[in-house]
Amino acid sequence: MPELPEVEIVRSGLERLLSGAAVAGIDLHRRDVRRPMPASLRTLSGPVRAVRRRAKYLCIDLDGGGILCHLGMTGSWRVAVDVRPHDHATVRLADGRRLVYNDPRRFGVLDRLRPDGGHPDLDGLGHEPLSDDFTGAALAACFADRRGPVKPALMDQGLVVGVGNIYAAESLFRAGIDPRTPAGSLRRPRLDRLAHCVREVLAEAIAAGGSSISDFRHAGGEEGWFQHAFRVYGRGGEPCLTCGTVLRGMALGGRATVWCPRCQRQRTR
DNA sequence: CTCCTATCCTGCGAGC
DNA sequence: TGCTCGCAGGATAGGA
């Protein structure tokens with residue numbers, strides 16, 4: 001479910017829900033998700049100062065710390081009026097509402113932020129693709145000496161954050177770049193284009209409310225619409241919507257990858 | 001370093 | 001209808 005656009009939509013939903021709210025306490029319903037959830041989370045309380053996103057992480061800032069959350073593949077937050085399987089933690093608000101973290105596969109992370117809002121998981125992350133410093137020049141510096149394919153490089157959170165399997169495929173299609181192209185072989189004009197296309201695809205996805213695959217929903221239960229705009233993701237064997245060529249698929253870096261052999265090239269011709 | 005694979009876990013759809 | 005298999009938005013450890 002969650003790549004940068006989906007996490008950003010969750011963030012803005014939580015921001016709206018938590019604006020002016022205060023945390024009364026946190027209940028943990030099991031010991032761990034992907035990692036152990038620290039017992040010190042239970043002692044957090046007080047007014048919500050901010051709801052931030054960094055990479056695919058959510059940060060709920062409270063005085064003296066806060067909550068760090070990564071949604072993994074299947075994490076979600078909802079205002080609970082019921083109890084469901086895989087509810088792993090409950091944030092009790094002072095007004096009586098209960099905000100519940102649910103995560104069937106338990107690939108997510110819930111941890112406590114330091115009082116300064118930092119966390120070891122937030123160190124060593126790469127460029128935010130929607131920030132001004134995300135340019136072809138930045139990509140050139142990241143990709144230098146990388147001989148592996150560009151798609152896994154684009155998904156490496158130490159280089160560029162927030163881009164996962166869907167948006168990597170869609171961005172490379174839009175940029176006309178074959179996902180197998182050695183990252184370090186790409187030159188400036190194409191990297192400028194790639195940076196531009198990544199930014200454009202992510203921004204459009206946010207505007208469309210994200211991509212609802214199987215279970216992604218907004219905090220209010222609405223679906224996103226960007227899944228209807230996919231040009232290549234999940235379309236292996238089907239015709240390219242631009243040129244009609246049959247889209248090709250193979251695993252890259254262990255992830256399903258689809259591209260158009262005609263529209264996407266390793267070199268410009 | 002870089003790169004590749006396997007792994008964590010549950011749910012769902014395809015195919016038999 | 002009911003079963004098994006493969007695969008899924010992510011991240012990381014371990015080996016080559």
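Throughout, protein chains are lettered first and strands after them, A, B, ... in sequence-line order, and every chain is numbered starting at 1. Keep in mind that the numbers below use all heavy atoms, side chains included, and drop hydrogens, waters and symmetry copies. As the structure is a prediction and not an experimental result, all values here were calculated from the model.
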Asks: Once ring pair (Phe, Tyr, Trp, His ring centres under 6.0 Å) is applied, do any residues pair with F230(A), and if so which ones, sequence neighbours excluded?
Replies: Y233(A)
Asks: When the distance from CG of D121(A) to P of dG10(C) is rounded to whole Å, what number comes out?
Replies: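 Answer to the nearest Å: 16 Å.
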Asks: Check whether any side-chain N or O of H70(A) sits under 4.0 Å from OP1 or OP2 of dG10(C), and answer yes or no.
Replies: no
Asks: Would you write out the dot-bracket form of DNA chain B, 5' to 3', with Watson-Crick and G-U pairs under 3.5 Å, [ ] for crossing pairs, | for pairs to other strands and . for unpaired bases?
Replies: .|||||||.|||||||
Asks: Between R35(A) (CZ) and dG10(C) (P), how many Å, whole number?
Replies: 17 Å
Asks: Sticking with atom P, work out how far dG6(C) lies from dA6(B), rounded to a whole angstrom.
Replies: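 Their P atoms lie roughly 13 Å apart.
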Asks: Going by side-chain contact (heavy atoms from CB on, under 4.5 Å), name the residues that satisfy it together with T135(A), two or more places apart in sequence or in a different chain.
Replies: A137(A), A138(A)
Asks: Expressed as a whole number of Å, how far does the P atom of dC3(C) sit from that of dC9(B)?
Replies: 24 Å
Asks: Taking OP1 and OP2 of dC9(B), is either one under 4.0 Å from a side-chain nitrogen or oxygen of H86(A)?
Replies: no
Asks: For the pair made of CG in D103(A) and C1' in dA8(C), what is the distance, rounded to whole Å?
Replies: 13 Å
Asks: Under 4.0 Å, counting only non-hydrogen atoms across every strand here, what does Y233(A) touch: a base, just sugar-phosphate, or nothing?
Replies: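 Y233(A): backbone/sugar contact only, no base atoms under 4.0 Å.
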Asks: Between the side chains of D111(A) and R34(A), is the shortest nitrogen-to-carboxylate-oxygen separation below 4.0 Å, so that they form an ion pair?
Replies: no
Asks: With P182(A), which residues qualify under side-chain contact (heavy atoms from CB on, under 4.5 Å), at least two apart?
Replies: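 Result, side-chain contact (heavy atoms from CB on, under 4.5 Å) vs P182(A): S185(A), Q266(A).
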Asks: Tell me every residue that passes ring pair (Phe, Tyr, Trp, His ring centres under 6.0 Å) with F143(A), counting only those two or more places apart in sequence or in another chain.
Replies: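 By the ring pair (Phe, Tyr, Trp, His ring centres under 6.0 Å) rule, F143(A) matches no residue at all.
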Asks: Using the ring pair (Phe, Tyr, Trp, His ring centres under 6.0 Å) criterion, which residues pair with F134(A)? Sequence neighbours excluded.
Replies: none
Asks: Name the orientation class of the two ring planes belonging to Y101(A) and W77(A) (parallel below 30°, tilted from 30 to 60°, perpendicular beyond 60°).
Replies: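 If you compare the ring of Y101(A) with that of W77(A), the planes turn out tilted.
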Asks: If a pair satisfies ring-ring contact (aromatic ring centres under 6.0 Å, His included) and one of its residues is in residues 169-191 of chain A, list it, with sequence neighbours excluded.
Replies: none
Asks: In B/S/- notation, 5' to 3', how is nucleotides 3-8 of chain B contacted by protein heavy atoms closer than 4.0 Å?
Replies: SS---B
Asks: Please enumerate all residues that pass side-chain contact (heavy atoms from CB on, under 4.5 Å) together with A141(A), with sequence neighbours excluded.
Replies: none
